[in-house]
Amino acid sequence: MPCSSIFRMMGRMNEHKKSLRIRDIFQLEPKNQEVPVQGWIRTRRESKQNIFFEINDGSTLKGIQVVVDKENYGDLSSLESANNGAAVEVQGTLVASPGKNQRSELLAKPEGIHVVGDSPQENYPLQKKRHSFEFLREIAHLRPRTNTLGAVSRVRNTMSFAIHRFFQERGFQYIHTPIITASDAEGAGEMFQVTTLPISDLAKSGKSPDYQQDFFGRPSFLTVSGQLEAEIYALSMKNVYTFGPTFRAENSNTSRHLAEFWMIEPEMAFCDIDCNMDVAEDFIKFILKTTLEEREEDMNFFNQWIEKGILDSLQRVSESTFHRITYTEAIKALEDSGAKFDYPVSWGMDLQSEHEKYLTEVVYKGPVMVTDYPKEIKAFYMKLNDDEKTVGALDVLVPRLGEIIGGSQREHRKDVLIRRIQEMDLDPEDYWWYIDLRTYGTVPHSGFGLGFERVIQYVTGMQNIRDVIPFPRTVNSAEF
RNA sequence: UCCCCUGUAGCUCAGUCGGUAGAGCGGGUGGCUGUUAACCACUAGGUCGGCGGUUCGAGUCCGUCCGGGGGAGCCA
């Protein structure tokens with residue numbers, strides 16, 4: 001181990017004098033040194049001479065084996081409550097393990113195991129076997145103690161930091177865009193209303209609400225996107241990104257939707273659609289590589305138990321060059337394929353998920369970036385192309401998941417922007433500050449958004465989005 | 001929101017033609033073993049999601065409500 005790691009580890013030890021994390025202990029050469037451990041018991045097995053515990057503290061997938069030598073331990077009755085789920089502190093010595101499945105293990109010192117909090121076995125819900133994810137969702141307060149949810153949690157943490165690192169290393173500023181917005185015209189889906197008006201009383205009285213009496217003096221909502229605000233900062237900081245919670249009140253109950261999710265939205269000034277694609281491609285590859293490198297144990301677990309072959313698949317994508325095609329070329333490729341689709345292909349339609357999958361999995365066998373969609377099926381703020389028919393939209397499609405990124409070059413020409421707002425039957429007055437940015441120092445700029453949980457699903461292979469966020473909020477579900 | 005599936009022991013499920021309930025795991029007890037999803041034996045554990053209907057009789061058939069899952073749409 002390099003000196004720097006040892007110093008870091010000693011630093012951690014001094015901060016938390018009582019124990020090392022199990023991840024750090026596994027890095028040590030076993031030579032009978034004293035090592036304290038704090039964690040929760042995953043399994044207990046007993047033999048004639050020994051009791052074996054596996055202790056997990058969340059720092060690794062596999063816990064450390066603690067061995068009790070029954071003859072020399074002393075009072076064994078204190079271990080009666082050392083059962084699955086119990087919190088324990090262990091004083092032991094680190095020794096090489098004669099067993100097959102671990103390099104080192106902890107030999108408990110006499111009376112060296114202290115049960116801090118016991119765990120009655122009659123009703124402890126977590127058993128030493130596979131549980132359904134549906135069941136685990138009902139015990140979201142205990143599910144991070146399982147192998148899968150623990151691995152998801154560590155991968156999620158690593159990916160969060162990889163995302164920040166990607167942008168920070170490239171000089172992007174992290175911008176905190178507002179959670180509450182008074183604009184209901186962002187057009188990205190149903191919004192949750194935020195109010196301090198006494199709605200129960202209003203309902204009884206039958207009166208309609210007077211929003212001038214509401215907290216902000218006007219209707220307000222939870223944000224569905226930080227993009228418009230991110231554009232403000234991009235037009236002064238050049239490169240910025242947001243990474244925060246986002247809310248959609250859609251009544252959709254699927255394995256890919258949440259009412260509350262985390263979204264990443266970079267926004268770059270002096271950046272056209274090609275520049276946008278460069279950043280998006282580098283971004284995806286960076287996250288994949290970092291996760292594969294830094295979470296090897298967890299990723300092997302997903303590869304074995306959740307989605308066979310996912311390691312190879314992610315590795316390939318992280319080293320590939322993404323295909324770049326226009327919407328028009330995509331439509332032609334689908335038409336020429338001769339494949340039968342539930343939704344027939346024609347220019348002007350939006351690509352359905354079956355089409356996206358066909359493009360990535362059959363036609364190009366890898367990630368595809370599709371640009372220049374018909375203006376009718378995209379938002380008003382996307383830059384109108386010279387053909388007046390298409391806009392500078394960008395979708396990044398990957399095998400297995402489909403669309404992972406949606407973005408565009410933004411319309412930076414004031415007159416065109418106003419015209420597009422009017423064409424969409426929106427009121428330019430509502431966007432006065434957005435238009436103002438096109439009056440003072442406007443510049444071509446671009447950005448994209450991606451749902452953090454979707455990316456975690458893609459990387460882990462987890463089927464249901466509710467299992468990659470600690471506390472999922474969906475229709476009729478906000479327990480915990 | 002639409003379509004399909006599903007609800008039986010703490011968990012995962014079986015339950016035939018309508019005749020008052022079964023397995024594995026988990027729990028408890030005992031045994032065996034440097035064990036590792038440990039193993040073996042015994043044992044306890046059920047208002048079959050709720051309500052209503054058909055029937056001599058409903059876990060089983062019908063209606064309805066509630067919960068869960070999958071797919072679609074929409075999206076991230």
Side-chain angles (χ1 to χ4, degrees), chain A residues 42-55 62-70 80 83-85 95-102 105 107 119-139 142 146-147 186-190 223-227 242-265 305 342-343 350-354 356 377-379 395-397 401-407 448-458 463-469 474-477 479:
Chain A
R42 281 289 179 82
T43 78
R44 171 188 175 131
R45 296 174 291 267
E46 195 157 348
S47 73
K48 194 172 188 177
Q49 291 175 342
N50 301 302
I51 305 173
F52 301 92
F53 296 102
E54 185 178 328
I55 312 291
K62 185 169 166 45
I64 190 165
Q65 174 156 280
V66 171
V67 184
V68 170
D69 179 354
K70 284 158 114 176
E80 276 168 19
N83 284 316
N84 297 343
V95 297
S97 174
K100 284 175 188 168
N101 296 353
Q102 59 279 322
E105 64 187 18
L107 184 60
S119 175
Q121 293 305 286
E122 310 81 60
N123 48 19
Y124 184 57
L126 290 175
Q127 301 172 11
K128 292 186 283 185
K129 65 164 198 168
R130 289 191 80 164
H131 287 290
S132 67
F133 291 123
E134 292 83 7
F135 172 66
L136 291 176
R137 267 171 234 149
E138 295 169 8
I139 51 167
L142 296 171
T146 63
N147 286 339
E186 292 173 38
E190 291 296 310
T223 181
V224 293
S225 164
Q227 180 201 315
T242 72
F243 186 172
T246 310
F247 307 88
R248 305 272 168 94
E250 300 284 357
N251 182 15
S252 57
N253 201 336
T254 78
S255 58
R256 285 159 51 240
H257 286 85
L258 291 165
E260 175 184 289
F261 63 99
W262 289 66
M263 188 151 69
I264 298 109
E265 295 176 290
W305 296 104
D342 292 340
Y343 289 82
D350 206 356
L351 294 180
Q352 304 297 315
S353 51
E354 58 172 342
E356 296 176 344
I377 58 174
K378 292 292 182 183
D395 281 1
V396 181
L397 314 178
L401 190 78
E403 182 184 332
I404 196 168
I405 280 179
F448 58 84
L450 80 164
F452 187 39
E453 286 77 15
R454 292 258 177 101
V455 188
I456 302 174
Q457 275 191 281
Y458 177 63
Q463 298 274 314
N464 198 309
I465 200 166
R466 294 162 208 194
D467 301 321
V468 299
I469 188 167
T474 54
V475 186
N476 284 320
S477 173
E479 189 76 45

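Every chain is numbered from 1 and lettered A, B, ... according to where its sequence line falls, protein lines coming before strand lines. No hydrogens, no waters, no symmetry mates; every other heavy atom, side chains included, goes into these values.
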| field | Pair of N/O donor and acceptor under 3.5 Å linking B:rU35 base with A:Gln102 side chain | value | yes
Assert: residue with more 5' nearest nucleotide on RNA chain B, out of A:Asp350 and A:Glu54, is A:Glu54
So, is A:Asn464 near the phosphate of B:rG70, with a side-chain N or O under 4.0 Å from OP1 or OP2? yes
| field | Under-4.0 Å side-chain N/O to phosphate OP1/OP2 contact, A:Ser255 with B:rG70 | value | no
note: A:Leu107, atom CG; B:rG34, atom C1'; distance rounded to Å ~ 12 Å
Review point. Donor-acceptor pair, A:Arg137 side chain versus A:Asp467 backbone, under 3.5 Å?
Key: no
| Do the side-chain N or O atoms of A:Ser132 get closer than 4.0 angstrom to the phosphate oxygens (OP1, OP2) of B:rU12? | yes
note: A:Phe452, atom CZ; B:rC75, atom P; distance rounded to Å ~ 24 Å
Closest non-hydrogen atoms of A:Ser47 and A:Phe52, given as atom of the first, atom of the second and distance, are OG-CE1, 3.9 Å
When rounded to whole Å, the CD to P distance for the pair A:Gln127 and B:rU12 reads 9 Å
Taken to the nearest whole Å, CD/A:Glu354 to C1'/B:rC75 is 17 Å
Syn within 90° of 0, anti beyond: B:rU20 is syn
Within less than 4.0 Å of OP1 or OP2 of B:rA38, is there a side-chain N or O belonging to A:Arg45? yes
Secondary structure of RNA chain B per the Watson-Crick/G-U criterion (both distances under 3.5 Å; [ ] crossing, | other strand, . unpaired) is (((((((..((((.....[..)))).(((((.......))))).....(((((..]....))))))))))))....
Which of B:rG34, B:rA37, B:rG69 is nearest the side chain of A:Arg137? It is B:rG69
Practice item. Keeping the roles fixed (side chain from A:Gln49, backbone from A:Lys70), state whether a donor-acceptor pair exists under 3.5 Å. Key: no
Regarding the side chain of A:Arg256, the nearest nucleotide among B:rG34, B:rC74, B:rU12 is B:rC74
| query | Looking only at side chains, do A:Arg45 and A:Thr43 share a donor and an acceptor under 3.5 Å apart? | reply | yes
On the nucleotide B:rC74, are OP1 or OP2 found under 4.0 Å from the side-chain N or O atoms that A:Gln352 carries? yes
Salt bridge (Lys or Arg N to Asp or Glu O under 4.0 Å) filter on A:Arg256, not counting sequence neighbours, yields none
Heavy atoms only, 4.0 Å cut-off, all strands: where does A:Phe135 land among base, sugar-phosphate and nothing?
sugar-phosphate
Testing B:rG69, B:rG73, B:rG34 for proximity to the side chain of A:His257, the answer is B:rG73
Whole-Å distance, A:Asn84 CG to B:rA38 P, equals 9 Å
Whole-Å distance, A:Tyr343 OH to B:rG71 P, equals 15 Å
Note: A:Gly85 and A:Ser119 closest approach over all heavy atoms is C-CB, 3.6 Å
From the candidates B:rG68, B:rU36, B:rG73, the one with an atom nearest any side-chain atom of A:Glu134 is B:rG68
A:Leu351 atom CG is separated from B:rC75 atom P, nearest whole Å, by 12 Å
Nearest heavy-atom approach of A:Gln463 to A:Ser255 is O-CB, 3.6 Å
A:Lys378 atom NZ is separated from B:rC74 atom P, nearest whole Å, by 11 Å
The nucleotide from B:rC11, B:rU33, B:rG27 with an atom nearest the side chain of A:Gln121 is B:rG27
Quiz item: Are A:Ser353 and B:rG73 close enough that a side-chain N or O sits under 4.0 Å from OP1 or OP2?
Solution: yes
Check your understanding: Would you say B:rG69 has OP1 or OP2 under 4.0 Å from some side-chain N or O of A:Arg466?
Key -> yes
Contacts of A:Ser477 and A:Ala259 projected onto RNA chain B by closest heavy atom; the upstream (5') one is A:Ser477
| said: Quick check: any donor-acceptor pair below 3.5 Å linking the side-chain of A:Gln65 to the base of B:rU35? | reply: yes
Heavy atoms of A:Phe247 and A:Glu260 approach each other most closely as CE2-OE1, 3.3 Å
